[in-house]
Amino acid sequence: MNTSTRSLLLEINSLQTWFDTRAGTVKAVDGVDLTLARGEILGLVGESGSGKSVMGYSIMRLIDLPGRIVGGSIKFYGEGTQNEDLVNATSDRMRRLRGSHIAMIFQDPMMSLNPVLRIDTQMIEAIQAHAKVSNKVARDRARDMLGKVGIPSPEERLQAYPHQFSGGMRQRVAIATAMLNKPELIIADEPTTALDVTVQAQILYEVRKLCRESGTALIWITHDIALISGLADRIAVMYAGRVVETGLVRDVIAAPRHPYTAGLMGSVPSNNPRGKPLRQIPGMTPSLSNLPKGCAFAPRCERATVTCQQVPQESPVGAEHKVRCFHPIESIPAQSRHDRIKV
Amino acid sequence: MVVVVFISMYALGDPTEVLIAPDASQEVRDKLKQELCLDRPLHEQFFYCFVGNVLHGNLGISFVHDVSATQLIFDRLPATLELAICALLLAIFIGIPLGMLAGLKPQSPIGKGIMTGSVLGFSLPTFWVGLMLILLFAVTLKWLPAGGRGETVQILGMQFSFLTRDGLIHLLLPAVNLALFKIALVIRLSRAGTMEVVHQDYIKFARAKGLSTPRIVFLHMLKNILIPIITVLGIEFGSLIAFSVVTETVFRWPGIGSLLIQSIAKLDRPVVVAYLLLVVFMFILINLVVDVVYSILDPRVRLGGRS
Ligand SMILES: Nc1ncnc2c1ncn2[C@@H]1O[C@H](COP(=O)(O)OP(=O)(O)OP(=O)(O)O)[C@@H](O)[C@H]1O
Ligand code: SF4
Ligand SMILES: [Mg+2]
């Protein structure tokens with residue numbers, strides 16, 4: 001899967017989304033560049049608070065006050081759309097795009113379906129918001145989609161209310177709803193984090209399959225770098241509102257170049273020697289309203305030097321592999337890499 | 001409760017003092033007392049006369065009007081019900097939209113203005129607002145009548161004002177007056193509900209589906225905030241009926257509220273007791289209705305829902 005050989009779907013340039021709070025301006029997303037090809041699956045990884053959800057909401061233009069997009073552009077090259085910049089699109093235009101061209105799934109399946117409306121109501125309205133379709137036809141489409149995401153006896157389940165489903169089933173309903181209009185892009189914000197591991201694996205597998213079949217591009221947001229390796233084509237690692245490393249999954253996983261990515265990899269249990277305490281990245285996630293000057297990772301980075309008081313720019317370290325670091329880790333085999341990371 | 005009322009009405013004084021001319025002979029007095037069962041000690045009055053009658057479905061004869069207390073109350077009830085329902089509708093159809101608007105735009109001048117209005121609605125005394133309404137619309141502007149029920153229409157043996165133009169005009173001011181406090185309450189409730197619901201994931205998901213704002217507001221949000229509002233309004237409807245006393249007095253509205261005031265003044269015990277029993281019965285009935293409406297609105301409380 002190569003960005004250059006496929007046509008571009010999404011192109012984000014120096015996007016900035018800030019929140020004006022009483023404690024100061026929180027720069028949740030601060031200069032993110034990201035591209036996505038049609039049908040590509042991108043894993044967006046980072047610690048809690050690194051700005052992943054805000055990224056997703058920014059693309060959907062679902063940022064509410066006190067948040068606002070203060071700069072940058074989000075070019076969307078959708079089918080039948082004219083290279084529009086979502087940052088400047090009117091709210092009516094965005095409403096038309098949402099759910100039909102770009103869909104989103106949220107983290108908590110217990111909360112993302114309206115508790116007082118039946119499943120059929122919530123699915124049919126998603127179709128009818130974008131096309132003049134009779135109730136009967138819309139209902140049939142909803143039922144078929146429920147079947148596709150693995151819900152047994154979908155015809156009866158259409159008449160149920162959300163509280164009659166388990167968490168995993170609710171998330172399937174949400175996924176089916178997101179896929180109803182065959183969007184070109186789905187943003188999935190940690191949709192399996194709240195579910196248990198077996199359900200998580202099933203859903204992951206099904207979503208991947210459905211996206212591949214329909215050629216839908218997917219941005220899968222997660223803090224679990226191990227999960228991404230089996231799912232995505234490409235990976236983008238976020239730290240404190242910036243993408244610090246992007247590349248093809250196999251390149252990044254095999255040889256992470258940014259010290260933060262290496263730290264994330266090092267803390268995956270299966271990458272740790274048995275019987276020893278789990279490695280973790282020293283220090284805490286920084287407060288976004290009070291970031292250190294220069295590289296935000298510097299206080300936690302063992303490679304930091306005085307140069308790191310400047311902001312590192314994104315620089316290529318391989319084919320499609322970019323990193324934002326003055327002293328990237330040299331390409332070395334995975335085994336010896338572990339020895340470098342402090343326990 | 002009945003016992004408490006019984007005793008306190010007894011303690012208030014002797015109704016015969018009020019009912020009979022001061023120069024009446026002792027003989028007349030005794031005869032009346034005997035008729036009204038007032039010649040016996042209190043406990044006998046209660047057990048022998050009152051409970052005995054109630055068991056025969058009779059709440060007693062009004063000391064003053066000489067008709068059965070039940071009859072008296074049911075003659076007056078439609079007027080109060082009409083007023084209370086009208087006030088309730090005003091509270092719902094004015095309070096909910098304003099409250100939701102204030103909840104959607106809490107920082108805007110409109111949102112803040114609505115909240116200021118609701119503070120006034122809460123804090124101004126009902127009787128004073130009633131008098132001001134009369135002063136403005138009836139006395140100064142002469143648009144609306146100052147009191148009374150106006151023309152009525154008889155349905156199923158009961159008189160109603162809301163079906164005639166004249167009746168409606170008479171109904172308007174007292175209904176607004178009675179509704180004012182409830183409108184303020186509903187504004188508060190729907191604003192708080194809206195501000196909570198608006199941040200829920202399911203609203204964000206509804207927006208992510210590309211639904212129009214009216215659909216999100218009037219279906220997804222409204223149906224969720226209605227649940228607590230219906231509960232509170234149910235309880236409040238009881239109090240609308242029970243305590244429409246002030247408004248009915250100010251606007252000379254011939255309902256059970258003004259009947260109660262007159263009866264207390266004249267120590268007409270059977271009417272007061274019958275009134276209280278009716279109010280208790282109403283509260284029970286309303287609770288039942290609220291439970292039913294609640295289960296229609298909220299699928300989670302429906303029986304046998306889980307599969
Ligand atoms: N409504 C808001 N008001 C103020 N700050 C906000 C708001 N929403 C998000 N933020 C800030 O933006 C930052 C990034 O939040 P975001 O939700 O994107 O993190 P995340 O990477 O998705 O984390 P998680 O893994 O916990 O979901 C956080 O530091 C948060 O404080
Ligand atoms: S720029 Fe410097 S501080 Fe930042 S990650 Fe690279 S080495 Fe560490
Ligand atoms: Mg998040």
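Chain naming here is simple, since letters A, B, ... match the order of the sequence lines and numbering starts at 1 in each.
Counting heavy-atom pairs closer than 4.5 Å to chain B, the top-ranked of the candidates A/H130, A/M60, A/Q107, A/M110 is A/H130. Taking chain B as the reference chain and counting heavy-atom pairs below 4.5 Å, the highest number among A/M94, A/R118, A/R95 is found for A/R95. Between chain B and the options A/A174, A/P183, A/A178, A/P115, heavy-atom pairs under 4.5 Å are most frequent for A/P115. Ranked by heavy-atom pairs shorter than 4.5 Å toward chain B, the options A/R98, A/Q128, A/E156, A/R61 are led by A/R98.
Rounding to the nearest 0.5 Å gives a distance of 12.5 Å between NE2 of B/H199 and CE of A/M111. Rounded to the nearest 0.5 Å, atoms CG (A/L62) and CZ (B/R207) are 5.0 Å apart.
Other residues, nucleotides and ligands place more than 12 heavy atoms under 6.0 Å from the CZ atom of B/F122. Around atom CG of B/L120, more than 12 heavy atoms belonging to other residues, nucleotides or ligands sit under 6.0 Å away.
When all heavy atoms of A/S112 and B/F205 are compared, the closest pair comes out as O-CD2, 3.1 Å. Contact detail for A/A129 and B/G210: the closest heavy-atom pair is CB-O, 3.8 Å. Considering every non-hydrogen atom in both B/Y202 and A/L113, the closest pair reads CB-C, 3.6 Å.
At a threshold of 4.5 Å between non-hydrogen side-chain atoms, the residues A/Q122 and B/L211 do not count as touching. Side-chain contact between A/E125 and B/L219: present, with at least one pair of heavy atoms (C-beta onward) separated by less than 4.5 Å.
Neither the backbone nor the side chain of A/R96 comes within less than 4.5 Å of any heavy atom of chain B. Using a 4.5 Å cut-off between heavy atoms, A/L117 contacts chain B through its side chain alone, with no backbone atom that close. For A/I187, no part lies near chain B; criterion is any non-hydrogen pair under 4.5 Å. Looking at A/D64, the atoms closer than 4.5 Å to chain B (heavy atoms on both sides) all sit in the side chain, from C-beta outward. Both the backbone and the side chain of A/M104 come within less than 4.5 Å of a heavy atom of chain B.
Results of the side-chain contact (heavy atoms from CB on, under 4.5 Å) test with B/K209 over A/I127, A/T177, A/N181 single out A/T177 as the only residue that passes.
Electrostatic pairing of B/K204 and A/D189 does not count as a salt bridge here, judged by no charged N lying under 4.0 Å from a carboxylate O.
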